[in-house]
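Report on the following structure.
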Amino acid sequence: QVQLVESGGGLVQAGGSLRLSCVVSGSSFHINVMGWYRQAPGKQRELVADITSGGLTNYADSVKGRFSISRDNAKNTVCLQMNSLKPEDTAVYYCKAEIPGSRWGNYWGQGTQVTVSS
């Protein structure tokens, strides 16, 4: 079965940095887009950044210039380097993988909490 496991969340002061990692396992199909989403209490889940298998990236306006997404296709891993963190970045961050041809198509991790204190 396909599994996505996130790591790297935690508590950090404003202006600090965190690096999130997500490893996808159990897939025998090509992983198309991988990305990071976040959801704060009372808000909708929103796209933070995503990246295609070819390395094309997309970022939410709110994180441009601060966050950087990358992936290692050989290791089925996607990372999110978060710099200059702000309190409004506080949320549960979820990894997502789009796997065309698989049973479900889209897969989500369990989420990792990122808390940025002022």
Side-chain angles (χ1 to χ4, degrees):
Q1 70 281 3
V2 177
Q3 290 184 315
L4 280 66
V5 180
E6 303 108 329
S7 62
L11 174 65
V12 65
Q13 292 187 350
S17 298
L18 285 173
R19 184 175 180 84
L20 306 182
S21 296
C22 173
V23 179
V24 180
S25 63
S27 176
S28 60
F29 297 92
H30 172 75
I31 303 175
N32 189 15
V33 180
M34 302 180 75
W36 290 94
Y37 292 71
R38 67 187 181 188
Q39 187 168 25
K43 295 185 177 181
Q44 297 183 28
R45 187 173 298 187
E46 64 176 355
L47 172 70
V48 177
D50 59 24
I51 183 169
T52 70
S53 60
L56 298 177
T57 59
N58 180 52
Y59 297 92
D61 288 340
S62 60
V63 306
K64 287 181 179 178
R66 299 189 299 120
F67 292 8
S68 180
I69 189 170
S70 62
R71 66 187 283 173
D72 186 333
N73 291 332
K75 298 180 179 180
N76 289 336
T77 300
V78 61
C79 295
L80 184 69
Q81 179 66 45
M82 304 185 294
N83 299 321
S84 301
L85 283 162
K86 304 175 181 180
E88 50 262 46
D89 294 319
T90 296
V92 177
Y93 284 69
Y94 297 90
C95 179
K96 179 186 177 181
E98 180 186 278
I99 311 178
S102 65
R103 180 175 181 179
W104 304 111
N106 294 319
Y107 295 85
W108 294 88
Q110 291 298 114
T112 184
Q113 178 70 48
V114 172
T115 302
V116 184
S117 62
S118 60

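These numbers come from a predicted model, not from an experiment. This chain uses plain numbering: 1 for the first residue, then up along the sequence.
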Provide the closest heavy-atom pair for [X] versus [Y] in the form atom of the first, atom of the second, distance.
{"X": "Ala40", "Y": "Ala91", "answer": "N-CB, 3.9 Å"}
{"X": "Ser102", "Y": "Ile99", "answer": "OG-O, 2.6 Å"}
{"X": "Pro87", "Y": "Ala14", "answer": "CD-CB, 4.1 Å"}
{"X": "Gly8", "Y": "Leu18", "answer": "O-CD2, 3.8 Å"}
{"X": "Ser17", "Y": "Asn83", "answer": "OG-OD1, 2.9 Å"}
{"X": "Val23", "Y": "Lys75", "answer": "CG1-O, 4.2 Å"}

Any heavy-atom pair between the side chains of [Y] and [X] that's under 4.5 Å?
{"X": "Ser70", "Y": "Gln81", "value": "no"}
{"X": "Ile31", "Y": "Val78", "value": "no"}
{"X": "Lys86", "Y": "Val116", "value": "no"}

Problem set entry | Test: Cys95-Cys22 SG spacing under 2.5 Å |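 Yes, Cys95 links to Cys22 through a disulfide.
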Exercise. Run the salt bridge (charged side-chain N to carboxylate O under 4.0 Å, His left out) check on Arg38 and Asp89 step by step: do they pass?
Worked result: CA-CA 9 Å; Arg38 67 187 181 188; Asp89 294 319; 2.9 Å; yes
Say you draw a straight line from [atom1] of [X] to [atom2] of [Y]; how long is it, rounded to the nearest 0.5 Å?
{"X": "Leu56", "Y": "Ile69", "atom1": "CG", "atom2": "CD1", "answer": "12.0 Å"}
{"X": "Thr57", "Y": "Arg71", "atom1": "OG1", "atom2": "CZ", "answer": "12.0 Å"}
{"X": "Thr112", "Y": "Tyr94", "atom1": "OG1", "atom2": "OH", "answer": "10.0 Å"}
{"X": "Phe67", "Y": "Ser84", "atom1": "CZ", "atom2": "OG", "answer": "9.0 Å"}
{"X": "Asp72", "Y": "Thr77", "atom1": "CG", "atom2": "OG1", "answer": "6.0 Å"}
{"X": "Leu80", "Y": "Tyr59", "atom1": "CG", "atom2": "OH", "answer": "7.5 Å"}

For this session: Please assess Tyr107 against Ser27 for the test side chain to side chain contact (heavy atoms under 4.5 Å, CB included), listing each intermediate value before the final yes or no.
Result: CA-CA 11 Å; Tyr107 295 85; Ser27 176; over 6 Å; no
Exercise. Is Thr115 reaching over with its side chain to a backbone N or O of Thr90, donor-acceptor style, under 3.5 angstrom?
Worked result: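 No; judged by distance alone, with no hydrogens or angles, the pair does not exist.
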Exercise. Are the side chain of Asn32 and the backbone N or O of Pro100 linked by a donor-acceptor pair below 3.5 Å?
Worked result: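 A pair under 3.5 Å: no.
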Are [X] and [Y] joined in one hydrophobic group, where the rule is that I, L, V, M, F, W and Y side chains link up if heavy atoms are under 4.5 Å apart?
{"X": "Trp36", "Y": "Val63", "answer": "yes"}
{"X": "Leu47", "Y": "Val92", "answer": "yes"}
{"X": "Leu4", "Y": "Phe29", "answer": "yes"}

For this session: Check whether more than 12 heavy atoms from other residues, nucleotides or ligands sit under 6.0 Å from atom CD of Glu46, and answer yes or no.
Result: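 Correct, the count exceeds 12.
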Problem set entry | Heavy-atom neighbours of Gln110 CD exceed 12 at 6.0 Å |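 Counting neighbours around CD of Gln110, 12 or fewer heavy atoms of other residues, nucleotides or ligands fall under 6.0 Å, so no.
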Exercise. Does the side chain to side chain contact (heavy atoms under 4.5 Å, CB included) test come out yes or no for Val114 and Leu20, once each step is laid out?
Worked result: CA-CA 9 Å; Val114 172; Leu20 306 182; 4.1 Å; yes
